[in-house]
> 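Submitted below is the structure of interest, expressed as structure tokens.
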Amino acid sequence: MSGVELDKGYDPSDVEKRCYDQWLNENQFHADDKSSKKPYSIVIPPPNVTGVLHMGHALNNTLQDILCRYRRLRGDNVLWMPGTDHAGIATQNVVEKKLASEGRSRHEIGREAFVERVWEWKEESGNAIINQLKRLGASCDWERERFTMDEGLSRAVRKVFVELYKQGLIVRDNYIINWCPRCNTALADLEVEFEEKQGRLYHIKYPLADGSGYFIVATTRPETMFGDTAVAVNPEDPRYQNITATHVKLPLTDRDIPIIRDSYVDMAFGTGALKVTPAHDPNDFHIGQRHHLESLKVIGDDGVMLEGAGTFQGLSREECRKQAVKALEEQGLLEKSDEHAHSVGHCYRCKTAIEPNLSRQWFVKTKSLAERAIKAVEEGRTRIIPEHWTKTYYEWMNNIRDWCISRQIWWGHRIPVWTCDACGQDIVEMEDPSVCPSCGKNELTQDSDVLDTWFSSALWPFSTMGWPDETDLLKTFYPTSTLVTGFDILFFWVARMMMMGLHFMDEVPFKDVYIHALVRDEEGQKMSKSKGNVIDPLTVIDSYGTDAFRFTLAAFAAQGRDVKMSLARVEGYRHFINKLWNAARFSMMHLDKEYPELDREHMGLADRWILSRLKKVTDEVAASIDGYHFNDTATSLYRFVWNEFCDWYLEASKPALYGKNGDACMNASKAVLFRVLKDTLVLLHPVIPFVTEEIWGKLPGVRGSVMNAVFPADLDDFGALEDLDSEKDMEFVMGVISGVRNIRGEMNINPSQNLAAVIQSDVDSERQTAWKFKDMIMVLSRLDSFDVREDGEKPRSSATAIVGESSLYVNLEGVIDFDKEVERLEKSIAKLSKDVETISKKLSNEAFMSKAPDDVVEKVRSQHQESKDKMDKYQENLAKIKEARTS
RNA sequence: GGGCGAUUAACUCAGUUGGGAGAGUGCAACCCUUACAAGGUUGAAGUCGCAGGUUCAAGCCCUGCAUCGCCCA
């Protein structure tokens with residue numbers, strides 16, 4: 001005994017900072033621009049620069065880190081590109097609120113000063129989330145950290161805008177868009193969240209212009225009626241076949257509006273007559289386009305009624321609704337109003353009800369871009385995992401609409417379009433223009449809007465690598481290997497990166513897209529501030545350690561299933577970390593040097609067995625990470641470490657380690673212990689980097705970081721670790737030991753009481769195995785006497801277990817409780833007889849015998865035989881014990 | 001309205017080509033055995049949402065239904 005002394009328990013807080021600093025100092029996370037090694041690259045989904053780490057980030061980045069650390073261990077040149085985005089609307093909102101608390105508005109201080117303030121706020125808070133990612137252990141290449149608004153990325157944005165403009169893929173148009181009256185900006189369709197709201201459906205009489213009656217139109221938004229420019233009915237609708245009037249009188253106004261016929265109108269809804277408001281409803285807008293209707297905007301960008309609302313001008317849209325309804329009622333034009341549930345769009349940033357609004361905005365024409373993005377997935381150049389998300393991807397891509405990219409805010413990439421005040425010419429170039437190329441005048445005005453943040457995020461996989469320059473980084477790492485992200489931004493981000501990557505790089509941005517679940521609370525509710533059910537990842541890290549937290553996230557990350565985070569689970573995995581720590585602590589007591597060679601000649605059964613199991617778990621870990629089955633990775637490791645290494649191997653190898661079998665065996669076992677512990681740390685490292693690094697550093701003779709270790713599967717002798725014979729022998733031996741323990745437990749025999757046991761068997765191999773490894777059997781089942789024989793009388797006062805095809809008798813002379821043993825045996829028999837019954841049924845089923853494949857029939861036969869033999873043996877013993885009881 | 005997912009032990013969840021239902025936690029009993037009581041040994045616990053169908057064989061494939069959740073319109 002010697003070696004390094006480890007503390008009794010593992011203290012993460014002390015270790016984590018030290019390890020992380022060590023990695024940074026050693027430049028472990030840095031990727032080479034050029035390298036002969038196989039490249040592996042991931043770009044981080046950039047979090048908002050002013051945001052804070054939440055559970056979603058924690059899961060997302062833990063999975064990326066597992067992949068990156070694993071690929072490094074496999075010898076790849078790994079780039080994990082980190083960075084943040086500027087989150088235009090969200091960040092602007094925050095700074096505006098701060099201004100408001102000072103009693104000022106952004107308009108008061110002006111654009112330049114405001115943007116200055118936002119940069120200040122970014123500097124102030126911008127490192128928070130980066131530091132939080134570091135606490136999570138993220139092994140990003142921090143030297144390459146990028147921000148969507150830094151100079152290089154801004155140049156990429158400019159280039160993309162200019163090129164798309166020149167290609168006719170970016171256009172300015174008057175179109176119905178989603179307007180947030182609170183943020184005062186246009187939004188993309190995606191940025192609107194629909195929510196079912198209880199409203200009212202108002203049935204309003206629209207008198208026919210020729211006085212021959214009236215139409216009843218149903219609407220949830222009576223305030224928009226001032227913008228009506230037609231009433232539409234379905235041409236098929238029999239109710240309106242014989243209408244002679246061509247116009248209706250628009251109530252509360254002096255306007256007549258035409259009656260039009262359009263098959264869009266749902267005859268089953270209301271009375272089948274639809275008021276058409278092209279300027280304030282997307283569907284109406286399209287009807288308006290088809291029928292060349294006028295679009296009359298009656299609600300201003302601030303949500304206040306405009307001139308078209310007549311006497312209602314100046315009212316808010318909510319107040320206008322109230323008063324208009326009242327006026328209609330007074331004039332007898334409101335037939336009725338019913339309770340009505342309908343979905344209302346809300347701003348995804350501030351939750352204000354969206355106003356569909358006619359507006360002049362910039363759009364990306366997405367159709368041709370989407371076609372290539374669809375094709376890339378169809379052809380498998382990009383794989384979406386789990387596969388079922390591809391359908392959602394196709395669905396959206398096939399129905400994609402033009403993307404409104406202009407935002408009426410100040411924080412973001414300003415749209416690089418100048419208009420000549422004199423001749424109206426638009427100028428869109430890489431360099432800021434000073435004179436109009438058309439008329440030569442120099443009074444140019446730049447568009448005041450900025451671009452959607454997602455416009456810059458869409459370029460992330462190549463803009464972060466230096467595009468539009470042809471950098472080595474791009475050559476080495478584009479296309480990236482894997483993108484890890486949540487499904488909530490599949491459209492916002494993934495789809496748009498696909499379009500931009502294919503268009504500008506002529507190559508997909510990533511080969512694999514792994515889509516993980518959302519993290520929810522214990523009840524499965526989405527975590528949100530308003531519900532108060534948010535668990536702060538940093539609190540979890542502080543209480544349980546990063547490794548326990550990461551292991552929990554990995555263990556929960558089953559494909560296609562949400563993660564329900566519970567602190568009880570994290571605590572459970574903290575126990576696992578501690579178990580590992582203590583296993584290492586025990587190991588270190590025996591390890592005093594490096595053991596470079598395995599001494600197969602002097603190894604015991606447990607040694608050969610654990611090496612074989614090590615090979616197995618290594619294969620499992622590699623396969624599960626390669627296939628993004630992170631929960632399987634965690635499960636395999638957990639079982640191996642706890643149930644095989646700790647529960648069996650360490651216990652079984654103690655005699656050898658304590659020198660009871662001589663120095664040669666002791667050293668052979670130490671070498672195995674060293675090897676298994678070392679390789680296990682490497683296998684665990686991608687999931688729990690800190691504790692593994694800490695233990696690694698204390699391994700005798702080992703230099704450098706675990707990050708530079710070789711993955712066990714890549715070691716020369718890896719294949720030679722497998723030893724199926726030893727696995728089989730060990731299984732039998734463990735069966736015997738468990739048999740004794742079971743009897744001890746069920747018969748309430750004190751663990752400290754030594755017992756005598758006998759294996760009786762007519763199977764040569766089982767007798768040999770039992771005899772060969774009797775030392776292990778005796779130690780682990782606490783026997784002071786153990787015998788193996790081919791036949792003979794069963795000991796009178798003993799309890800029985802069947803192991804393999806052998807009988808195990810545990811002598812309970814003087815302590816046996818016959819009734820209990822009868823009960824025990826009957827229980828086993830009942831279980832077996834149920835099995836035998838089911839299997840017999842199969843075997844007597846002619847259809848099964850003739851149609852099932854031979855190997856299956858054979859398997860069932862042997863199962864039947866096995867169970868039956870076992871049951872017979874129990875029954876024999878039961879008879880004997882009953883006999884003994886009565887005598 | 002269209003689409004996707006979920007439903008397996010008290011709880012949280014695995015179950016990858018269909019071939020005798022698993023884990024962790026919790027629970028119960030016993031144990032301070034010299035790495036770990038944040039531990040050890042043992043045990044109990046499931047009509048795999050419901051109803052049909054395909055098949056020799058269904059937790060798994062097909063259809064319908066129910067409940068819950070999400071996305072899109």
> Let's test your reading of the model: under 3.5 Å, does the base of B:A44 pair with the side chain of A:E746 as donor and acceptor?
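Absent.
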> Counting only side-chain heavy atoms from C-beta out, which of B:G20, B:C72, B:A14 sits nearest to A:D835?
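Selected nucleotide (nearest to the side chain): B:G20.
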> Taking the minimum atom-to-atom distance to the side chain of A:F848, which one of B:A38, B:G40, B:G19 wins?
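Looking only at heavy atoms from C-beta outward on A:F848, the closest nucleotide is B:G19.
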> Assuming nearest nucleotide by heavy-atom distance, tell me which of A:W642 and A:K827 is located more 5' along RNA chain B.
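The answer here is A:W642.
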> Could you tell me whether the side chain of A:R741 has a donor or acceptor atom within less than 3.5 Å of a complementary atom in the base of B:U42?
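No such pair is found, so the answer is no.
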> Between A:K391 and B:C4, is there a side-chain N or O to OP1/OP2 distance below 4.0 Å?
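Answer yes for this pair, as a side-chain N or O of A:K391 is under 4.0 Å from OP1 or OP2.
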> Please tell me whether A:T485 and A:H516 have a donor and an acceptor in their side chains that are separated by less than 3.5 angstrom.
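Distance-only check fails for A:T485 and A:H516.
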> Is the phosphate of B:U33, meaning OP1 or OP2, less than 4.0 Å from a side-chain N or O of A:K654?
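False: A:K654 side-chain N/O out of range (4.0 Å or more) of B:U33 OP1/OP2.
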> What nucleotide among B:U33, B:G24, B:U16 has an atom nearest to a side-chain atom of A:H629?
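Side chain of A:H629 sits closest to B:U16.
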> Any ion pair linking A:K391 and A:E395 (charged N to carboxylate O, less than 4.0 Å)?
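Looking at A:E395 and A:K391, the cut-off is not met.
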> Which listed nucleotide (B:A38, B:A35, B:U42) is nearest to the side chain of A:S738?
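For A:S738, the side-chain atoms sit closest to B:U42.
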> Between A:E694 and A:K698, is there a salt bridge with N-O shorter than 4.0 Å?
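Salt bridge: yes.
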